[in-house]
Amino acid sequence: MNKSKNSVLKNPTEQTLDESTMTSFDHVIINANIATFSAQHGFGIDTGVDANKHADSIPYGQLHNAAIGIKNSKIAWIGTQDQINAHLPSYPDSQITDVDGKWITPGLIDCHTHIVYGGNRSNEFEARLQGVSYQDIAAQGGGIVATVTATRAASIESLFAQSEKRLLALMKEGVTSIEIKSGYGLDLDTERKMLTVARQLGEKYDIHVSTTYLAAHALPPEYKSHEQDRADDYIDQVCEWLPILHAEGLVDAVDGFCENIAFSTEQIRQVFEVARSLDLPVKLHSEQLSDIGGSALVAEYKGLSSDHLEHLSEKDIKKMAASNTVAVILPGAFYTLRDTKLPPTEALRKHHVPMAISTDCNPGTSPLTSLLLTMNMGCTLFYLTTEEVLAGVTVHAAQALGLPNKGKIEVGCDADLALWNIARPADLAYQMGLNPIQGIMVQGQWRDTI
């Protein structure tokens, strides 16, 4: 690129905007440092096919002393402060935000969560600390069965109230888009209830919520017996419920738990075939505890993402690369479970598989509602760079949800932004317990309170 790594890249189309355009933005942000995560502005993590371009990339796609013009909820212009100065007298103060050298990133994206659930399992946390095994807890009605029982019993109002607190905690750290899974109902009515609450949360707080159908999460108690488990019968039900809930407008994507303690690749394939018939994208919990080929399966269906991945093989990494499937890495579960098997981040880098990270917020293995702490965990536990974890909660998280207009700051993308009082982007992954958020913008509108 032959550019200074701290320069503003000048897009020729932006330089030639005429006076009428430069004075017609709905809002202008000035005196900003911007981490764009856009290849147009030099971000290079995901351009490994061209080694020279990657070597000359600009960290974070950062721009200094820059400005943004917003029109109709979209980013309409990005340029230097000098380019906009002459046009500022055309705008009332209410349409200008002077951020005084603070940093702007894309709004953060939590791309793998289970935040809608009933009940609380801190008692199990205490028991595990005292040496009680997970198997003993499950045998006593704990584990996922406890959450299923509580979620089935909760009214929709109660479920909303419990889940709302978790969403607000994430929004207070800059989250403007989130994925929310079902999977603690394991029957039609409760799966519907969970997905309805997810939709209601997005509507109340006017942020993007991607809903994911995860009925193939675990075998419900009524399908278990001393004689045999009826997993195939349950998967038949999962396949029957999916078209019903999709017809009700509740499903954006389909997920499953493909593991030796959950469902086989052939059982998940049945679910994926129904998803394909409905033109729904798929993703998968896979390779968390063993390698049974889940990532190869999701790659076969050109899935959005494969998630967890501690036991992922290099041959399946190659398949993910070929299908452009994102690797979603979940350090919260690794931390909570005191796991020691690291995901193969070096091999993912080698084959240029984009890596996203997420809280995996859930009641059993990752009761985590801080995406900032998740980034720190990604660096300290998984040896990711600060640029990788920030890309993992912006541009690559957007790809993991199939949202091409989110997760980066470039012309034409949604004006979903986060404003931070930091010295440099790395501070977001470096600091623990200090939240430097100054505000969030969603679809071109600053939020007064979060």
Side-chain angles (χ1 to χ4, degrees), residues 35 37 103-117 120-122 125 162-181 198 201-202 205 207-210 307-308 328-339 343 355-398 400-401 407 416-440 442 447 449-450:
F37 293 97
W103 279 88
I104 291 176
T105 69
L108 304 189
I109 300 171
D110 201 353
C111 66
H112 179 129
T113 86
H114 307 253
I115 70 167
V116 173
Y117 62 84
N120 180 301
R121 283 160 60 185
S122 61
F125 179 67
Q162 293 177 64
S163 306
E164 180 179 35
K165 296 173 184 177
R166 296 183 276 269
L167 176 64
L168 288 172
L170 290 163
M171 290 180 65
K172 287 175 181 176
E173 289 193 349
V175 170
T176 59
S177 295
I178 187 170
E179 186 246 25
I180 302 176
K181 303 178 190 291
L201 288 167
Y205 290 99
I207 70 166
H208 180 86
V209 172
S210 292
D307 303 26
H308 285 290
V328 179
I329 299 173
L330 304 169
F334 181 93
Y335 169 84
T336 302
L337 294 173
R338 295 176 173 174
D339 204 348
M355 290 182 281
I357 67 168
S358 178
T359 63
D360 188 21
C361 177
N362 74 73
T365 62
S366 188
L368 175 61
T369 54
S370 171
L371 203 50
L372 296 179
L373 180 56
T374 303
M375 285 191 275
N376 180 272
M377 288 178 172
C379 294
T380 56
L381 298 177
F382 294 158
Y383 305 97
L384 298 173
T385 68
T386 56
E387 188 174 21
E388 284 174 327
V389 295
L390 279 162
V393 297
T394 55
V395 62
H396 294 155
L401 295 181
D416 290 358
L417 307 172
L419 175 63
W420 309 95
N421 187 10
I422 53 176
R424 58 190 61 84
D427 289 353
L428 295 177
Y430 156 70
Q431 295 172 328
M432 293 182 285
L434 177 64
N435 181 4
I437 192 77
Q438 297 287 288
I440 60 172
V442 182
R447 295 297 175 88
T449 56
I450 53 173

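The closest side-chain heavy-atom distance from S163 to L201 is below 4.5 Å. Within the 4.5 Å cutoff, the side chain of Q162 has no heavy atoms near those of the I115 side chain. Side-chain contact between Y335 and L381 is present, with heavy atoms from C-beta onward closer than 4.5 Å. With a 4.5 Å cut-off on side-chain heavy atoms, L417 and T105 do not count as touching. With contacts defined as side-chain heavy-atom distances shorter than 4.5 Å, the pair P436/L372 qualifies. Looking only at side-chain heavy atoms (C-beta outward), T365 and L337 come within less than 4.5 Å of each other. The closest side-chain heavy-atom distance from Y430 to T386 is not below 4.5 Å. Two residues are said to be in side-chain contact when any heavy atoms from C-beta on lie closer than 4.5 Å; C361 and H114 fail this criterion.
The minimum heavy-atom distance between A35 and P106, with the atom names listed, is O-CD, 3.2 Å. The shortest heavy-atom contact between A397 and G392 is CB-O, 3.4 Å. Heavy-atom minimum distance, I109 versus A398: CD1-CB, 3.6 Å. Across all their heavy atoms, I329 and P343 have their closest contact at CG2-CG, 3.9 Å. N376 and A429 get closest at one heavy-atom pair: ND2-O, 2.9 Å. The nearest pair of heavy atoms linking G378 to P331 is N-CG, 4.0 Å.
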Could you walk me through whether I178 and H208 pass the side-chain contact (heavy atoms from CB on, under 4.5 Å) test, one step at a time? CA-CA 6 Å; I178 187 170; H208 180 86; over 6 Å; no
Criterion side-chain contact (heavy atoms from CB on, under 4.5 Å) on I437 and E173, from CA distance to verdict: CA-CA 6 Å; I437 192 77; E173 289 193 349; over 6 Å; no
I would like to know whether L384 and I357 meet side-chain contact (heavy atoms from CB on, under 4.5 Å); could you show each step before the answer? CA-CA 10 Å; L384 298 173; I357 67 168; 4.0 Å; yes
Kindly determine whether D360 and T113 satisfy side-chain contact (heavy atoms from CB on, under 4.5 Å), including the steps that lead there. CA-CA 5 Å; D360 188 21; T113 86; over 6 Å; no
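Applying the side chain to side chain donor-acceptor pair (under 3.5 Å) test to T374 and every residue at least two apart in sequence or in another chain returns nothing. Applying the salt bridge (charged side-chain N to carboxylate O under 4.0 Å, His left out) test to R121 and every residue at least two apart in sequence or in another chain returns E124. With sequence neighbours excluded, no residue forms a salt bridge (charged side-chain N to carboxylate O under 4.0 Å, His left out) with D110. Y205 meets the ring-ring contact (aromatic ring centres under 6.0 Å, His included) test with no other residue; sequence neighbours excluded. Under the rule for a side chain to side chain donor-acceptor pair (under 3.5 Å), T336 has no partner lying at least two apart in sequence or in another chain.
Taking 4.0 Å as the cut-off between side-chain N and carboxylate O, K181 and E179 count as a salt-bridged pair.
Residue pairs that meet the ring-ring contact (aromatic ring centres under 6.0 Å, His included) test with at least one member in residues 355-394, sequence neighbours left out, are F334-F382.
For the 3.5 Å distance criterion, the side chains of H396 and T394 fail to qualify, holding no donor opposite an acceptor. A side-chain donor from one of N120 and S122 sits under 3.5 Å from a side-chain acceptor of the other.
Note that CG of N421 is 11.0 Å distant from CG of N435, once rounded to the nearest 0.5 Å. Summarising the geometry, atom CE belonging to M375 is positioned 5.0 Å from atom CG belonging to L390; distances are rounded to the nearest 0.5 Å. From T176, atom OG1 reaches atom CG of D416 across 4.5 Å, with rounding to the nearest 0.5 Å. L167 contributes atom CG, which lies 6.0 Å from atom CD1 of I180 (distance to the nearest 0.5 angstrom). Remark: L401 CG to S358 OG distance equals 8.5 Å, nearest 0.5 Å. Atom-to-atom distance recorded for S366:OG and L330:CG is 7.5 Å, nearest 0.5 angstrom.
Listed for the W103 side chain is a donor-acceptor partner under 3.5 Å among the backbone atoms of A423.
A cation-pi arrangement, defined by a distance under 6.0 Å to the six-membered ring centre and an angle within 45 degrees of its axis, is present between R166 and Y117.
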